[in-house]
Peer 1: 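Got a structure for you, questions after.
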Amino acid sequence: MSVELNHTIIHARDKRESAEFLATILDLEVGAEWGPFIPVQTSNSVTLDFASIPAESITMQHYAFLISDEEFDAAFARIQDQGITYYADPQRKQPGEINRHHGGRGLYFMDPSGHAMEIMTRPYGTEG
């Protein structure tokens, strides 16, 4: 069996709010609550299990999503429609801009719990 990431837990102030936020941006489905988790599954079957914990216990994490050009256009439109601040860089010094790394497009935005989310159309280390 090859090694694959199956799921990861994402700490959130409000698990439903964070799950719905990301699912809306990426056009994914929010799954049924299961124990302390609310899952959002990506197209490669990795499940992001959102769990509520006290806000002071949350440490910012970074989550990057590789999406198609068409999915980027749709997600970018949803980000803009919702008035979400986005950046071309992970340091958040280029607000309102996207990047064109690796021959594609990408941007960063923050989720409701303070995690750095990234969408990109080309994997790191590739061109065109």
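Here the structure is a predicted model, which means the values were calculated and not measured.
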Peer 1: To check you understand the geometry: which heavy-atom pair defines the closest contact between I58 and A12, and what is its length?
Peer 2: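 So the two residues come closest at CD1-C, 3.5 Å.
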
Peer 1: Give a yes or no on whether I67 and V40 share a hydrophobic cluster (residues Ile, Leu, Val, Met, Phe, Trp, Tyr; joining criterion: side-chain heavy atoms under 4.5 Å apart).
Peer 2: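 Yes; tracing contacts between hydrophobic side chains, which count when under 4.5 Å, links both residues.
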
Peer 1: When rounded to the nearest 0.5 angstrom, what distance separates OG1 in T126 from NE2 in H101?
Peer 2: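 Here the interatomic distance stands at 12.0 Å.
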
Peer 1: Do Q94 and Y87 meet the criterion of a side-chain donor-acceptor pair at a distance under 3.5 Å?
Peer 2: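 Absent: no donor and acceptor within the cut-off.
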
Peer 1: Got a donor-acceptor contact below 3.5 angstrom from the S57 side chain to the I53 backbone?
Peer 2: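 No, the answer is negative, given that no donor and acceptor are paired below the 3.5 Å cut-off.
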
Peer 1: Would you say L66 and F76 are hydrophobically clustered, going by side-chain heavy atoms of ILVMFWY under 4.5 Å?
Peer 2: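 In one cluster with L66: F76, no.
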
Peer 1: Stepwise, does the salt bridge (Lys or Arg N to Asp or Glu O under 4.0 Å) test hold for R122 with D69?
Peer 2: CA-CA 9 Å; R122 300 288 180 279; D69 285 308; 3.4 Å; yes

Peer 1: Quick one: which of I84, N99, I79 gives a side chain to side chain contact (heavy atoms under 4.5 Å, CB included) with L107?
Peer 2: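 Exactly one candidate clears the test, I79.
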
Peer 1: Are I98 and Y63 in one and the same hydrophobic cluster, where Ile, Leu, Val, Met, Phe, Trp and Tyr link if side-chain heavy atoms are under 4.5 Å apart?
Peer 2: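 Same cluster: I98 reaches Y63 through Ile, Leu, Val, Met, Phe, Trp or Tyr contacts under 4.5 Å.
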
Peer 1: Could you give me the CA-CA distance, side-chain angles and deciding distance for M110 and M60, then say whether side chain to side chain contact (heavy atoms under 4.5 Å, CB included) is met?
Peer 2: CA-CA 10 Å; M110 304 304 286; M60 185 190 80; 3.9 Å; yes

Peer 1: Are the side chain of T121 and the backbone N or O of R105 linked by a donor-acceptor pair below 3.5 Å?
Peer 2: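 Confirmed, T121 side chain pairs with R105 backbone.
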
Peer 1: Is any side-chain N of the basic residue among D73 and R78 closer than 4.0 Å to the acidic one's carboxylate O?
Peer 2: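 No, no charged N to carboxylate O under 4.0 Å.
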
Peer 1: When clusters are formed by joining ILVMFWY residues with side-chain heavy atoms under 4.5 Å apart, either directly or through shared neighbours, do I38 and L26 land in the same one?
Peer 2: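 Hydrophobic grouping puts I38 with L26.
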
Peer 1: How many angstroms lie between CD in Q41 and CD in E29, if you round to the nearest 0.5 Å?
Peer 2: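 These two atoms lie 11.0 Å from each other.
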
Peer 1: With distance as the sole criterion, is a donor-acceptor pair present between the side chains of N44 and T42 under 3.5 Å?
Peer 2: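 Yes, a side-chain donor-acceptor pair sits under 3.5 Å.
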
Peer 1: What's the separation between atom CD in E20 and atom CG in L28, rounded to the nearest 0.5 Å?
Peer 2: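 Here the interatomic distance stands at 13.0 Å.
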
Peer 1: Which is it for F50 and L22 under the side chain to side chain contact (heavy atoms under 4.5 Å, CB included) test, yes or no, and what are the steps along the way?
Peer 2: CA-CA 10 Å; F50 289 86; L22 185 63; 4.0 Å; yes

Peer 1: Kindly indicate whether the side chain of Y86, heavy atoms from C-beta on, has any atom under 4.5 Å from the side chain of Q80.
Peer 2: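 Side chain of Y86 against side chain of Q80, heavy atoms only: contact under 4.5 Å found.
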
Peer 1: Which heavy atom of P39 sits nearest to which heavy atom of T47, and what is that distance?
Peer 2: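 Heavy atoms only, the tightest pair is CB-CG2, 3.5 Å.
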
Peer 1: Under 4.5 Å between any side-chain heavy atoms of E97 and D89, yes or no?
Peer 2: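 No - every pair of side-chain heavy atoms lies 4.5 Å or more apart.
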
Peer 1: Does K15 offer a backbone N or O that forms a donor-acceptor pair with the side chain of S18 under 3.5 Å?
Peer 2: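 Side chain of S18 to backbone of K15: no pair is present.
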
Peer 1: Less than 4.5 Å apart, any side-chain heavy atom of F65 and any of M117?
Peer 2: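 Yes, at least one pair of side-chain atoms sits under 4.5 Å.
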
Peer 1: So which heavy atom on A19 is nearest to which on V30, and how close?
Peer 2: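 That would be O-CG2, 3.8 Å.
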
Peer 1: Under 30°, 30 to 60°, or over 60°: which ring-plane class applies to F37 and W34, parallel, tilted or perpendicular?
Peer 2: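 Rings of F37 and W34: parallel, as their planes differ by under 30°.
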
Peer 1: Once you round to the nearest 0.5 Å, how far does NE2 of H7 lie from CG of L5?
Peer 2: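 So the NE2 of H7 and the CG of L5 are separated by 8.5 Å.
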
Peer 1: Spell out, as yes or no, whether a donor-acceptor pair under 3.5 Å connects the side chain of S113 to the backbone of R13.
Peer 2: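 Yes; judged by distance alone, with no hydrogens or angles, the pair exists.
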
Peer 1: Assess the residue pair F21 and F109 against the criterion (side chain to side chain contact (heavy atoms under 4.5 Å, CB included)); give the C-alpha distance rounded to whole Å, side-chain angles, the decisive distance to 0.1 Å, and a yes or no.
Peer 2: CA-CA 12 Å; F21 173 83; F109 59 99; 3.7 Å; yes

Peer 1: Roughly how far apart are E71 CD and I25 CD1, rounded to 0.5 Å?
Peer 2: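 Reported value, rounded in 0.5 Å steps: 13.5 Å.
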
Peer 1: Can you find a pair of side-chain heavy atoms, one from H115 and one from I10, that are under 4.5 Å apart?
Peer 2: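 A side-chain contact exists here, since the closest heavy-atom pair is under 4.5 Å.
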
Peer 1: Indicate yes or no: at least one non-hydrogen side-chain atom of L48 is less than 4.5 angstrom from one of T8.
Peer 2: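 Counting from C-beta outward, L48 and T8 do come under 4.5 Å.
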
